[in-house]
Amino acid sequence: MCSKFSHGVDMYAVVLENESSSIHIDAVIDPLSSSGQKLASLLRLVSKSIRPSMRLVLNPMISHPYAPTKGAKDGESKQFHISSTYVVNVHAESSLVDLPLKNYYRYVIPSVDDFSSTDYTIYGPKAFFANMPPSKTLTMNLDVPEPWLVEPVVAVHDLDNILLENLGETRTLQAVYELEALVLTGHCSEKDQEPPRGLQLILGTKSTPHLVDTLVMANLGYWQMKAFPGVWYLQLAPGRSSELYALKDDNDGGQETTLSKRIIIDDLRGKLVHMEVTKKKGKEHEKLLVSADDDNHSQQKKKGNQNSWNSNILKWASGFIGGSDQSKKSKNSAMEQVTGDRHGKTINIFSVASGHLYERFLKIMILSVLKNTQRPVKFWFIKNYLSPQFKDVIPHMAQEYGFEYELITYKWPTWLHKQKEKQRIIWAYKILFLDVIFPLALEKVIFVDADQIVRTDMGELYDMDLKGRPLAYTPFCDNNREMDGYRFWKQGFWKEHLRGRPYHISALYVVDLLKFRETAAGDNLRVFYETLSKDPNSLSNLDQASQCFNDLPNYAQHTVPIFSLPQEWLWCESWCGNATKSKAKTIDLCNNPMTKEPKLQGAKRIVTEWPELDYEARRVTAKILGEDFETQDQAAPPAETPKAISDPQLEDEESKSEL
């Protein structure tokens with residue numbers, strides 16, 4: 001086999017000739033696209049295995065992607081097989097206007113080179129990145145098979161903020177990832193009807209039938225649950241779902257029903273389950289999703305809630321599949337509790353964080369919540385984006401301060417337009433999966449930004465009447481006149497679209513999960529997102545990850561109504577005047593688009609109690625990890641008007657994912 005390089009007017013080709021081969025492959029590849037980078041590894045493996053002749057045409061996009069090959073969906077490639085000639089056309093996902101490269105991709109695929117020819121030694125497939133820029137902030141991310149839930153379990157360095165020049169002489173970063181679980185997915189249908197959105201499902205074993213749960217989405221009747229290899233039994237959840245519907249038997253073409261569906265997961269490819277349900281006799285005209293305000297249903301629902309074991313056992317059962325990394329205190333948060341010196345109804349708080357800096361902020365937020373309430377508190381965190389250090393610290397921190405926590409996750413559905421940047425994916429969890437990411441027994445949760453400081457009892461907010469709205473947000477302040485030029489919602493499209501409604505900030509909000517599920521708010525938000533997100537500018541007024549998902553609930557509030565919280569529930573220096581700071585119940589360290597002040601600098605200047613909380617959080621962390629702790633805290637900078645920073649790298653590290 002020999003190779004040569006040829007070029008024409010607008011194309012370049014690499015030709016690998018093998019006259020004795022009966023297989024020839026032509027490939028047109030955009031080398032800047034992720035699909036092109038994947039294909040390179042596959043073609044290399046094919047070349048080593050069957051030694052075909054090849055012609056590889058490198059065709060980077062100039063401005064806009066070509067339309068996909070006929071018969072292919074958007075973003076997919078199309079492969080033709082004609083006799084012994086293979087033609088591969090890869091639809092581009094990037095272009096020359098994206099240069100210089102912002103992503104470095106390697107596709108790992110097993111080959112014969114991974115195994116020794118003389119003994120049983122296994123070398124394993126690997127990806128090697130050479131000549132990486134040492135002074136650029138990099139983020140490590142894995143592109144894994146769809147059914148896999150993978151998380152880092154060993155990583156000394158911050159995988160979200162990698163600076164190779166800080167790694168020492170070896171300049172080698174090491175991290176260990178673990179396949180934590182598999183995703184069981186499926187589609188639920190009802191004959192001659194739309195998918196039964198809101199239908200609640202439970203999954204378990206014969207001895208413990210309720211380990212995890214979820215609900216059916218409107219799109220394709222999609223559902224998913226976290227599982228492991230083994231034998232599982234899928235059932236309709238007790239309550240309205242099982243009262244109205246029954247599972248149809250797969251083995252019977254008639255109308256026979258069954259109580260459960262057996263599912264066997266026997267490999268690492270996960271499982272796709274197709275299930276059909278049918279309305280029970282006499283229930284054909286009843287609606288599955290009925291508002292709690294419906295007079296005809298409220299009494300029946302109240303009675304059902306009192307007698308059903310579902311809401312009392314759900315959180316306890318979900319602990320089994322969550323593993324040892326979640327709190328083992330397993331009481332219903334809707335019930336009165338006594339936890340140490342804490343008593344009353346549990347306050348459930350949800351937050352997201354990625355990277356060591358925001359995990360540092362997250363610990364401070366936790367302490368600020370706990371120091372201002374005597375009620376039990378349970379925190380909910382997205383598991384797959386937390387660092388191994390945080391997951392090591394949080395159990396000990398929970399024990400020392402007397403709070404509960406749970407680590408949750410949800411795999412991005414394949415049919416939903418996916419964000420490419422890691423920060424955008426993380427922030428999507430703030431809004432897109434609220435109806436399915438929590439156990440069905442959880443009735444209400446408050447989202448609090450990781451970089452927020454709480455100054456009041458969050459029980460007041462947790463108990464607030466939302467007037468039948470599924471969501472409650474705080475409107476943006478408008479009394480800091482210096483920022484008038486940045487208030488995009490007061491002009492143009494947003495002014496016309498809102499029609500007098502306020503534009504809300506997403507740093508703090510309350511979710512009435514019962515109302516959220518009853519009104520199919522999650523399905524509605526995903527429909528808006530799917531429609532708007534394919535235009536990269538339609539959900540982003542600022543070039544920041546959080547802003548695009550701040551736009552979404554504001555855009556959709558005509559369909560998914562928002563209850564506006566009193567202004568004192570969220571104060572932010574960038575948008576609010578100092579005259580209202582003394583009344584603030586929470587302070588958010590939101591970015592200032594004018595000065596771009598780093599968060600650590602702003603935190604010490606803006607929040608008087610922040611250095612003390614930070615000191616305590618770092619001291620506790622060092623104690624838990626067995627590390628030395630420097631007792632001398634850094635002095636806070638003088639309280640002066642912040643100046644715009646000139647170091648773009650510093651801005652990128654500390655401000656890239658917040659409004």
Side-chain angles (χ1 to χ4, degrees), residues 73 146-147 182-206 208-267 269-290 297 304 308 310 314 317 321 410-416 433 435-437 439-440 517-520 522-524 526-527 530:
K73 298 179 181 179
E146 285 299 330
L182 299 174
V183 177
L184 174 66
T185 59
H187 300 279
C188 182
S189 62
E190 181 183 1
K191 187 177 181 181
D192 301 326
Q193 301 291 333
E194 294 292 326
R197 69 177 183 180
L199 187 71
Q200 298 184 358
L201 309 175
I202 61 174
L203 183 73
T205 63
K206 273 193 172 182
T208 311
H210 192 166
L211 290 178
V212 287
D213 56 47
T214 192
L215 55 78
V216 174
M217 294 182 180
N219 194 308
L220 307 173
Y222 177 85
W223 56 268
Q224 73 166 250
M225 289 188 249
K226 188 171 75 170
F228 306 104
V231 179
W232 300 88
Y233 292 88
L234 181 68
Q235 302 180 55
L236 300 182
R240 191 159 182 80
S241 295
S242 57
E243 290 172 3
L244 267 59
Y245 286 90
L247 283 171
K248 289 194 66 175
D249 194 339
D250 293 339
N251 300 322
D252 196 310
Q255 297 298 318
E256 293 296 322
T257 60
T258 182
L259 294 176
S260 64
K261 181 182 181 69
R262 189 177 71 168
I263 299 171
I264 300 176
I265 302 177
D266 54 3
D267 57 40
R269 292 177 295 181
K271 199 80 171 182
L272 178 63
V273 179
H274 294 276
M275 56 181 290
E276 186 177 351
V277 296
T278 183
K279 281 279 185 70
K280 290 183 176 180
K281 188 175 181 180
K283 305 288 186 179
E284 293 86 355
H285 302 292
E286 291 195 32
K287 295 181 179 180
L288 175 62
L289 299 180
V290 180
H297 184 64
S308 174
N310 180 40
L314 179 57
I321 202 149
Y410 196 82
K411 187 80 172 186
W412 195 288
T414 55
W415 49 265
L416 189 66
F433 309 117
D435 51 340
V436 290
I437 198 169
L440 295 176
R517 295 175 181 128
E518 286 171 355
T519 58
D523 283 323
N524 290 327
R526 285 186 288 270
V527 168
E530 182 70 13

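Along the sequence shown, residues are numbered consecutively beginning with 1.
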Rounded distance (nearest 0.5 Å) linking atom [atom1] of [X] with atom [atom2] of [Y]:
X    : Y    : atom1 : atom2 : answer
L440 : R517 : CG    : CZ    : 5.0 Å
N524 : T519 : CG    : OG1   : 7.0 Å
N219 : R526 : CG    : CZ    : 8.5 Å
K280 : Y245 : NZ    : OH    : 12.0 Å
T278 : K191 : OG1   : NZ    : 9.0 Å
L288 : E190 : CG    : CD    : 9.5 Å

For a quick test of reading the model, state the closest non-hydrogen atom pair linking [X] to [Y] and the distance between them.
X    : Y    : value
C188 : P195 : O-CB, 3.8 Å
K283 : K279 : O-CD, 3.4 Å
A218 : D523 : N-OD1, 3.0 Å
P196 : V216 : O-CB, 3.7 Å
S242 : P238 : OG-CA, 3.5 Å

Are any of the side-chain heavy atoms of [X] and [Y] separated by less than 4.5 Å?
X    : Y    : answer
F433 : L416 : yes
I202 : Y233 : no
L182 : P229 : yes
W232 : R262 : no
W223 : V273 : yes

Atom CG of L259 with >12 non-hydrogen neighbours under 6.0 angstrom: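 It does not: L259 CG has 12 such atoms or fewer within range.
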
Short N-O contact, D435 and R197, less than 4.0 angstrom: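 Between R197 and D435 there is no salt bridge, as every charged N stays at least 4.0 Å from the carboxylate O atoms.
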
Lys/Arg N to Asp/Glu carboxylate O, E286 vs R240, below 4.0 Å: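 Between R240 and E286 there is a salt bridge, with a charged N closer than 4.0 Å to a carboxylate O.
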
Aromatic ring pairing H187/H274, orientation class (parallel under 30°, perpendicular over 60°, tilted between):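 Rings of H187 and H274: parallel, as their planes differ by under 30°.
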
Candidate pair Q224 and Y222, rule side-chain hydrogen bond (donor to acceptor under 3.5 Å, both in side chains), full reasoning: CA-CA 7 Å; Q224 73 166 250; Y222 177 85; 2.9 Å; yes

Verdict with reasoning, L215 to V436, per side-chain contact (heavy atoms from CB on, under 4.5 Å): CA-CA 6 Å; L215 55 78; V436 290; 3.7 Å; yes

Donor-acceptor pair, side chain of [X] and main chain of [Y], under 3.5 angstrom:
X    : Y    : answer
K411 : P147 : no
T208 : H210 : no
E284 : G282 : yes

Test log, rule side-chain contact (heavy atoms from CB on, under 4.5 Å), inputs M225 and L201: CA-CA 9 Å; M225 289 188 249; L201 309 175; 4.0 Å; yes

